[in-house]
Amino acid sequence: MNVPTDYLVILSAILFAIGVLGVLTRRNAIVMFMSVELMLNAANLALIAFARERGEIVGHIFVFFIIGVAAAEVAVGLALIVAIFKTKRSIDIDQVRGLRG
Amino acid sequence: MTTDMWIFLGLALVAVWAAVCMLISRSAVYSALFLVLNFLTIAVVFLLLQAAFIALVQVTVYAGAIMVLFLFVIMLLGAERVETTPSLPWQAPVAVAITTVLFGLMVLALLTGQAGAAPGVEVAAGFGSPQAVGELLFSDFLLPFEVTSILLLAAMIGAIVLTRRERSREAS
Amino acid sequence: MMLVVTGVGSLIHIYAASYMHDDVRFNGDTGRYTRFFVFFNLFIASMLILVMGDSYLTLFVGWEGVGLCSYLLIGFWYEKGRDGIGNAWAGKKAFVTNRIGDAGFLIGLFLIFWTFGTLNFHEVFHQAEEAGPQLAAIATAITICLLIGATGKSAQIPLYVWLPDAMAGPTPVSALIHAATMVTAGIYMIVRSNALFSLAPLTSDVVTWVGAGTALFAATIAVAQFDIKKVLAYSTISQLGFMVTAAGLGAYGAAIFHLVTHAFFKALLFLGAGSVILGIEHAHHHASDHGHEKAFDPQDMRNMGGLSRRMPITHLVFVIGALGLAGVPPLAGFVSKDEILADAARISPAIEVVLLMAAVLTAFYTGRQLIMVFYGKARSEAAAHAPENRIGITGPLLVLAGLTLTGGLLNLPGGLPFEQRLTEWLTHSIEHLHAAEAEWVVALLATTLTLISLGAAWLLYGRRPLAEGAEDPLKRLLGPVFRLLENKWWIDELYDRLFLQPYIHFSRFLAQRVDWDWWHDWFHDRLLAGSYNRFSDWLAVSFDLPVIDGAANGLGRATQAWAVGLRRLQSGYVRTYALAVLLGAVLMLTYILLR
Amino acid sequence: MTPEDFLAILPITALTVWACVLLLIEAFLPPRGKPAVPWLTALGLLVALAVVVLVPPPSEAAFGGMIRVDGFGRFLEALFLLAGLLAVPLAVDYNQRRGIARGEYYLLLLFSIVGMMLMAIAADLLLVFLALELLSIPLYVLAAFAWPRAESEESGMKYFLLGAFASAFFVYGTALVYGTTGTTNLYAVLEALVVPDVDMAVLAVAGAMLLVGLGFKVAAVPFHMWTPDVYDGAPSSAVAFMAVGAKAAGFAVLLRLLLTGFPLATEVWGPMLAIVSALTMIWGNVAAIAQTSIKRMLAYSSIAHAGYLLMAVSAGATMAAPGSASAALFYLLAYGVTTIGAWSVVVALERFDGTGTTIDSYAGLGRRRPWIALAMTVFMLSLIGVPPTLGFLGKFLVFGATVDAGLIALAVIGVLTSLVSAFYYLRVVVTMYMRGGEPETSRERWLTAVIALTALATFLLGLLPGPLLELAAQAGLSGVIP
Amino acid sequence: MDSSFPILSLLTFLPLAGVVILALLPRDRTGLMRWTALLTSLAVFVVSLAVLVRFDPEVPGLQMTERISWFRLAGLDVEYFLGIDGLSILLVLLTTLLMALAIVSTWSAITERVREFMIFFLLLEIGMIGVFLAQDLFLFYVFWEFTLVPMYFLIGMWGGERRIYAAVKFFLYTMAGSILMLLAILWLGIEGGSFSLPDLITAGQIPAEIQFWLFLAFAAAFAIKVPMWPLHSWLPDAHVEAPTAGSVILAGVLLKMGTYGFLRFNIPLFPAASLQLAPWIAGLGVVGILYGAVVSYPQRDVKKLVAYSSVSHLGFVMLGLFALNAQGIQGGVLQMVNHGLSTGALFLIVGMIYERRHTRELEAFGGLWKIMPIYAALTLVVALSSMGLPGLNGFVGEFTILLGSFGSEALGSPWFAGAAVLGVILAAIYILYMFQKMFLGPVTHDENLSLKDLHWREIVTLIPLIILIFWIGLFPAPFFNLMEASVGRLVETVQVAALAAH
């Protein structure tokens with residue numbers, strides 16, 4: 001595919017921004033978390049684009065690792081969410097504010 | 001306007017649309033599904049960018065395993081929709097505003113720089129193929145690879161710790 | 001001078017030995033008998049330091065030392081006096097007033113030091129000689145400062161007010177310190193520094209006028225006093241005025257001479273008064289043993305009268321002293337005062353007139369006192385039975401009486417046997433000292449006037465003996481003026497309004513309002529706090545925390561308040577925290593890109 | 001891949017292997033044998049520490065320049081291992097008390113330490129990212145370790161979500177760096193710059209995003225807001241460790257990033273970090289004043305100290321002076337020792353149900369446990385920066401570096417805020433000595449040992465810091481590319 | 001003792017021995033604790049006397065110096081550098097003496113937590129002696145800050161009812177000043193390449209405008225400590241709340257650290273700035289003299305009265321120091337000692353009556369002379385000395401100071417002294433007022449009738465002070481001799497700077 005890298009990067013930026021918005025606006029812990037995944041994915045997109053531009057696959061390696069990390073995060077994150085749900089019977093993050101001040 | 005361009009725009013539209021839907025749909029399940037859609041679209045983009053292996057990983061691991069896990073948890077907890085009582089009314093607009101600024105700045109930075117020349121070098125046939133990636137992975141990037149494995153191990157332990165109930169009972 | 005201090009000093013000691021013995025007996029707390037003599041000898045010591053010191057520094061040391069002793073001795077009966085604290089107040093008044101003078105004195109010393117590089121008499125005077133007139137300006141400054149010191153110590157206008165109150169001290173004290181010795185320190189100092197004064201004609205004039213003014217002024221007040229010791233006190237002030245005048249006129253010899261004679265007869269008078277008081281007290285106590293107790297002031301002349309029969313010796317010596325004071329020839333007082341008048345006549349007639357008036361008044365009030373105390377009929381129970389005192393009291397009186405009679409011989413004017421003895425002594429230490437020539441005219445004039453006014457006194461008081469509680473005939477004569485004089489021209493009240501009260505209020509204001517309420521509480525605790533508090537109230541609306549312990553000082557509390565505001569931002573919403581993160585990122589980007 | 005490469009990371013390898021072994025042991029150990037786990041962990045750490053100190057790396061750069069085992073890195077490695085060594089005995093009794101005595105605790109601790117050590121020596125952004133995750137993920141779990149207690153879960157949750165959020169920024173930044181320079185190796189970035197067509201604007205954006213990730217880890221304003229909540233909810237034993245480890249790791253990378261002359265360091269990062277550090281010092285110190293819970297108070301104080309460290313960093317960035325690097329390193333050490341000490345006192349006073357963490361509950365400690373109170377006083381004074389303590393020396397060095405770099409205004413803010421800090425630290429002392437009360441404290445011997453050790457170190461090393469300073473100085477020098 | 005013996009270190013750290021012993025004593029042996037503390041402080045005093053014996057007044061520079069490299073810091077050599085000279089020896093002696101007396105005074109006053117009290121007290125002594133001996137800026141700062149801590153505890157744990165407020169205020173205020181000094185020290189170290197004071201002085205050559213700022217930074221620390229008007233707001237609190245012994249040391253020694261700092265650092269390090277600012281500092285000093293004197297007068301609490309009088313006295317010291325001529329500085333140094341003696345004694349005296357009546361309100365007393373003659377007599381002497389009566393120490397100091405400042409070129413006008421002289425009058429007013437309120441007049445309160453006169457221990461605490469009061473008052477020469485050489489050199493440095501300025 002023959003597209004200027006900048007376009008791809010801009011697309012990734014858009015996705016990144018949406019991800020950010022998701023974290024900021026959604027109250028469902030899971031959805032927030034999904035938004036984080038979206039942000040990571042945006043990063044992946046950018047990396048692949050750059051890799052393509054430079055014609056070296058180092059970028060691909062990065063993406064591979066990032067996906068791995070994402071998997072790890074998901075494991076822990078979902079575990080946390082489940083645990084919290086068990087105690088609070090809710091994953092509305094706005095309910096989780098016993099600690100403040 | 002080349003065909004590539006058209007394809008790209010199409011995919012981009014789909015991806016963004018999916019992302020936005022994920023963002024706005026009230027139900028967590030829909031969000032998850034839209035995210036899967038988004039990932040798949042991106043995977044296609046990867047493919048078109050000669051990143052076959054990664055595209056594959058994206059589909060199987062990301063869109064497949066991870067998102068399924070998400071869905072599974074959502075179902076398990078039966079927590080599709082949580083936004084019942086309104087709280088932090090001012091948060092959303094402010095967030096939108098600031099995020100827009102962020103996006104604007106990023107684009108600004110991109111454009112002030114010299115416009116990225118269209119996909120630079122022509123690449124060999126094997127570019128992005130599993131074996132190419134694999135070789136690099138086990139030569140130059142051995143250390144990160146090991147680290148990732150440890151990372152996953154740690155995450156696993158963590159997940160176990162956090163979810164095994166009875167041990168904590170007996171302990172406390 | 002030394003002779004005076006030691007001589008008179010020892011006499012008074014003998015007197016005091018028995019006087020105080022009774023005094024403490026009457027006032028209880030016999031333990032103070034010893035304390036009295038401790039202070040007393042301390043005084044003698046510091047007085048000697050003052051006199052014998054060969055530099056201004058030592059002089060100043062003695063100067064302050066005597067001041068201290070006078071403070072302690074005035075306040076000797078510190079629980080007596082007006083509402084229990086009066087004497088203590090008097091002592092403090094004396095000390096502080098002196099301090100004011102001393103401050104001037106100190107500055108004078110600094111000036112001397114930085115001009116001559118030394119404080120030693122001989123060197124200073126020597127250099128002063130060398131330098132001569134081109135030092136006039138600085139010399140004037142120095143001498144003015146010294147004068148201020150002198151007015152403090154020697155009770156001249158405007159700092160004389162402490163002396164009358166100082167009479168709160170036991171009588172021997174009044175006699176020695178506040179008549180014979182300490183108060184003359186000022187004159188001594190001026191005479192000492194004659195070298196400097198002679199360089200500063202301006203100051204000399206000032207000195208003269210201060211002296212003359214004081215002489216007259218005090219005399220007028222003395223006329224209308226009833227307290228036997230107060231009268232003497234004011235007369236002392238007035239006599240000191242004479243001496244100062246003399247010093248100002250450059251008649252140093254005369255000044256010292258009068259100083260000496262005055263020491264004799266004034267000590268005599270005081271001690272006489274003392275013995276009178278003692279007698280009255282004796283009688284009073286005796287009487288009050290038989291019941292009828294009433295408020296009674298043993299020093300008020302209106303309670304006396306007719307004592308000449310009861311206390312012959314005292315009567316005798318008192319008369320001598322009085323005549324000496326009045327300046328009736330051939331007593332010592334006459335000779336010395338005459339010398340001053342003579343100099344005055346020669347140098348400035350104006351001064352002489354003033355002095356003559358003062359002399360006249362002196363004679364008058366002396367006569368008045370004499371008559372009110374000793375003649376007429378007893379105006380009180382106590383006066384009627386007042387006994388004569390022991391030899392311990394009367395002995396010294398007699399000696400002093402003798403001195404008063406003969407003291408004049410020390411320095412007879414030119415043209416008479418043993419002329420100018422004193423002057424010869426003095427010439428060693430004092431330059432340009434001229435021998436006083438006898439001025440017969442002046443002498444005659446003075447004498448006649450004196451006699452006349454004595455007569456006037458007799459007319460007023462002696463002819464028809466005063467009845468008990470009768471008002472003073474002079475009052476009938478002068479009316480309001482008398483009240484003016486009786487209240488000492490309201491100078492004390494004036495000072496009180498002018499300086500004392502304002503200072504008290506000012507200091508209260510400064511300490512309470514400014515330093516504590518404003519600076520300590522308001523500025524440190526409230527302003528620094530308050531500004532923050534307002535800020536934080538705005539930050540932390542509807543957000544109350546357990547307020548942290550009062551260990552906070554203002555600043556602390558303030559910052560806490562602010563911190564409370566920050567806590568409010570820590571709302572517990574994850575999303576808000578994330579927003580903060582994003583905000584940070586955006587701000588960074590903005591800074592970097594739009595820098 | 002040569003043996004040398006693995007020799008270079010021998011401590012890490014050893015620790016990792018040991019962790020895996022422990023995992024098995026822990027799994028198959030009979031219940032009564034469980035108490036052995038912490039000591040085995042400590043043993044592993046000890047060995048690793050010995051290796052760090054004794055076995056010099058064959059070469060600084062290894063794995064194709066992906067890591068750089070220089071003095072800088074080894075200093076920090078040692079620091080992390082020490083922190084771990086102190087954190088283990090700290091937890092033993094406490095976890096029993098809180099009913100969270102699980103072997104995994106120590107495993108996670110080990111993995112986190114491995115991550116930190118990697119941070120210390122990583123020279124490639126990719127590796128930095130992985131290490132960052134490796135140190136964070138166990139910490140998320142440790143924070144939530146006291147589940148099902150709500151506050152612990154909450155703290156874990158918050159830490160996790162925000163952490164993931166921040167690291168997403170970091171990743172994106174990495175991506176952009178790669179995009180503009182074609183490499184992610186810190187030391188190669190410089191060379192890449194000679195190529196004309198490097199898009200500096202994008203690179204700047206990248207840098208900012210990296211800073212977001214790191215700023216989050218070191219709890220710099222405005223990325224700090226997770227800190228109080230997380231420290232408050234998490235088990236104190238874990239906090240003691242993360243307050244030191246995570247921060248130090250973050251600064252390790254930050255220092256490398258900026259002192260190795262990351263592009264635009266001097267003209268951009270320096271001033272910007274100066275602002276950030278000023279904000280951090282002010283916010284941290286002021287907010288700490290209003291706290292009634294000692295855990296939150298210490299949390300804010302750790303934010304404030306991040307500010308002081310940032311001072312050194314910004315000074316270094318303004319004019320790449322080795323002095324600032326070593327100053328920062330020494331400050332990290334001082335802060336680490338003192339903070340662990342302070343938290344161990346908190347551990348000593350916290351009760352089984354998590355209460356006993358209000359400052360008021362320290363009333364009367366001076367009578368009840370004079371030595372503990374004395375130790376706490378030493379820690380507080382050191383955190384204020386009163387001589388002769390480590391804290392004072394640290395501040396002295398940092399201020400020195402700042403003044404040296406000519407950032408007088410920043411230094412003035414620093415001293416003024418540390419004055420403010422005196423206020424809330426002293427309040428603890430006041431409460432301990434000048435108020436009456438009956439605090440109940442655990443008399444566990446290892447815990448006491450830790451407290452005593454750290455207190456002594458804080459005081460004595462403050463008196464005779466010579467060798468330490470030398471170490472820090474050399475380490476600082478080696479970290480910098482002139 | 002050969003000259004290489006590190007006697008100064010011994011002097012400084014000897015109290016540590018006492019601290020250790022105290023820490024080891026069994027909990028209930030309070031009597032033993034008191035004795036340990038007392039003996040330790042006496043031992044320290046003896047050592048300080050030994051120092052005095054070895055001290056050679058002819059030498060202007062430092063003596064018995066001990067100088068070893070402590071550690072290197074940011075490329076600078078931080079040294080453990082002790083030394084003593086004419087400027088400090090008197091203060092060291094004063095410190096050691098007052099410590100011993102203060103400890104005696106706590107005998108019956110302190111019954112709570114004796115061990116801690118004594119430990120803090122001895123630690124404080126280490127800090128203070130260190131401050132006076134340290135010749136390395138870093139070392140100095142360490143000691144300087146270190147003194148805060150024990151004093152903070154002394155006030156906070158054994159003080160009056162608002163003790164915590166006072167303690168925190170004390171700590172924050174003094175620290176506020178000293179951290180600015182810290183920055184200045186850093187600057188000096190970095191620019192001057194050394195922390196050693198003598199080296200920095202000999203190096204000299206700091207540009208005038210920079211001197212100006214550094215001077216201010218140092219002055220911030222010292223002025224608050226002194227305290228110079230208008231930074232005195234912490235003093236009354238600290239004094240009123242502190243326990244007697246604390247007040248004694250606070251007034252007797254800690255405040256001197258401020259004036260000493262000016263003398264030791266500001267003047268020699270920044271002579272140009274000193275000359276430039278001398279009128280201002282001296283002016284503040286004069287304001288302090290008058291202000292303190294005026295404000296003391298209406299105080300109802302004796303301790304407060306004495307506290308404010310300190311402001312006045314130290315105003316004199318500042319005036320003397322910044323006359324920048326021999327008389328002024330010598331007077332200033334002597335006046336530091338005098339103030340230490342007389343005010344220290346005054347606080348002891350207040351403490352004695354407070355122990356008996358548990359109040360310090362002037363109104364509660366009156367006529368005590370009759371009941372406690374010895375007490376009254378001793379008080380009288382002390383009061384007079386603090387009033388500056390000739391023949392007692394106060395006069396010598398004030399006279400020399402005024403003499404110096406009157407003719408000082410640095411101040412350029414006699415009016416400073418002229419105004420300060422008024423302070424002498426005002427001093428008489430408030431001191432006599434206090435004396436009168438307490439001892440003169442009739443006995444107004446019956447509870448006073450039963451008061452016991454001084455216990456022999458209390459007399460013992462006062463006698464040494466009174467002896468010194470008389471000694472300095474009557475024969476100050478030996479004291480001046482001790483400092484003459486050093487002061488002379490200090491004045492030279494200033495004059496050199498003055499010449500350079502023109």
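Naming: A, B, ... by sequence-line order, numbering from 1 per chain.
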Atom OH of Tyr503(C) with >12 non-hydrogen neighbours under 6.0 angstrom: yes
Atom of Ala95(B), atom of Leu579(C) and distance for their closest heavy-atom approach: CA-CD1, 3.9 Å
Nearest-0.5 Å distance, CG of residue Leu102(B) to CG of residue Leu587(C): 11.0 Å
Shortest non-hydrogen contact from Arg575(C) toward Gln91(B): O-NE2, 3.2 Å
